[in-house]
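Nothing here was measured: the structure is a model prediction, and the numbers come from that model.
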Amino acid sequence: YHVYPTDCDVFGHVNHATMITILEHARWALLEAVVPIRNVSERGQWQDGIWSVVRHVDIAYHWQSLPGDDLVIRSGLVHVGRTSYRIRQAVRHAATGRVHAEATISFVCLDQAGRPVPVPERWRSLFPTWTD
């Protein structure tokens with residue numbers, strides 16, 4: 001991801017909301033490699049009637065991201081429960097390898113009525129497994 005001045009706040013660095021968006025775009029990029037985006041409806045629902053929503057975000061910022069920085073985002077599945085799963089993401093500067101941010105995002109799977117449902121078996125292979 002290339003950081004542009006429009007990604008930055010009045011202090012000149014990527015703010016929290018933008019970093020969350022960058023992480024979301026990285027997750028979508030991984031999914032698009034295995035599930036065409038057209039298979040997701042306008043409401044974000046998969047064709048099987050199940051979708052996932054963010055339940056919790058835990059993010060730590062280690063270094064500021066500035067205009068002109070090129071960032072590499074690594075993402076991987078760290079846990080799958082009955083109705084939820086967690087993805088870990090690390091944001092590094094492409095040239096230096098310095099960690100700018102690390103996040104763990106928890107999701108819950110919901111049916112059309114908004115009730116938690118089991119994580120579909122085929123979803124367990126959509127994201128690569130996180131390895132340290």
Side-chain angles (χ1 to χ4, degrees):
Y1 183 87
H2 183 78
V3 177
Y4 292 95
T6 54
D7 295 323
C8 300
D9 59 19
V10 297
F11 300 110
H13 61 257
V14 171
N15 68 23
H16 175 73
T18 301
M19 185 59 76
I20 294 294
T21 300
I22 290 168
L23 294 171
E24 183 173 9
H25 288 178
R27 292 190 307 273
W28 275 111
L30 278 176
L31 287 175
E32 284 185 299
V34 292
V35 178
I37 198 74
R38 66 183 169 274
N39 287 353
V40 180
S41 74
E42 293 175 7
R43 295 183 55 215
Q45 178 177 322
W46 297 95
Q47 287 182 341
D48 55 12
I50 297 172
W51 68 88
S52 62
V53 296
V54 173
R55 182 173 182 271
H56 181 84
V57 175
D58 181 18
I59 188 164
Y61 296 95
H62 303 288
W63 196 256
Q64 61 184 342
S65 301
L66 303 171
D69 284 350
D70 287 312
L71 306 175
V72 176
I73 297 92
R74 179 177 167 227
S75 307
L77 190 63
V78 291
H79 174 77
V80 179
R82 192 177 85 69
T83 61
S84 64
Y85 59 97
R86 284 192 311 269
I87 293 177
R88 184 165 177 206
Q89 293 182 279
V91 179
R92 292 182 179 272
H93 191 277
T96 67
R98 182 190 299 256
V99 176
H100 284 215
E102 294 177 292
T104 302
I105 298 115
S106 300
F107 298 85
V108 64
C109 292
L110 302 175
D111 65 12
Q112 293 178 1
R115 294 180 301 253
V117 295
V119 176
E121 190 62 39
R122 67 183 181 84
W123 285 23
R124 296 168 191 263
S125 62
L126 291 179
F127 287 102
T129 301
W130 183 272
T131 55
D132 286 321

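- In terms of hydrophobic clustering, with Ile, Leu, Val, Met, Phe, Trp and Tyr side chains grouped at heavy-atom distances under 4.5 Å, Y4 and V91 are assigned to different clusters.
- Rounded to the nearest 0.5 Å, atoms CD1 (I105) and CD1 (I20) are 6.5 Å apart.
- To the nearest 0.5 angstrom, S84 atom OG is 5.5 Å from H79 atom NE2.
- Once rounded to the nearest 0.5 Å, the distance linking CD1 of I50 with CG of D111 reads 7.5 Å.
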Test side chain to side chain contact (heavy atoms under 4.5 Å, CB included) applied to W123 and C109, step by step: CA-CA 10 Å; W123 285 23; C109 292; 3.4 Å; yes

Side chain to side chain contact (heavy atoms under 4.5 Å, CB included) evaluation trace for W63 with V99: CA-CA 7 Å; W63 196 256; V99 176; over 6 Å; no

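- Nearest heavy atoms, V14 versus V3: CG2-CG1, 3.6 Å.
- Using cut-offs of 30° and 60° for the angle between ring planes, the H13 and F11 rings count as parallel.
- Scanning both residues, W130 and A90, for their nearest heavy atoms gives CH2-CB, 3.9 Å.
- With hydrophobic clusters built from ILVMFWY side chains whose heavy atoms lie under 4.5 angstrom apart, L126 shares a cluster with W28.
- Using a cutoff of 4.0 Å between basic side-chain nitrogens and carboxylate oxygens, R88 and D132 are scored as salt-bridged.
- In this structure, L30 CG and Q89 CD are separated by 8.0 Å, a value rounded to the nearest 0.5 Å.
- Ring geometry, H16 versus Y61: the interplanar angle exceeds 60°, so the pair is classed perpendicular (tilted spans 30 to 60°).
- Put simply, the side chain of I59 reaches to within 4.5 Å of the side chain of L23, judged on heavy atoms.
- If you take CG on L77 and OG1 on T131, they are separated by 12.0 Å, rounding to the nearest 0.5 Å.
- Nearest heavy atom pair, residue R27 against residue F127, reads O-CE2, 3.9 Å.
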Side chain to side chain contact (heavy atoms under 4.5 Å, CB included) evaluation trace for H62 with E102: CA-CA 8 Å; H62 303 288; E102 294 177 292; 2.8 Å; yes

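- Rounding to the nearest 0.5 angstrom, the gap separating the OG atom in S65 from the CE atom in M19 is 4.0 Å.
- When every heavy atom of V78 is checked against every heavy atom of I87, the shortest pair comes out as CG2-N, 4.4 Å.
- Listed here is the closest heavy atom pair of L66 and G12: CD2-O, 3.5 Å.
- Across all non-hydrogen atoms, the minimal contact from D69 to Q64 is OD2-O, 4.1 Å.
- Residue-environment remark: CZ (R124) exceeds the threshold of 12 foreign heavy atoms within 6.0 Å.
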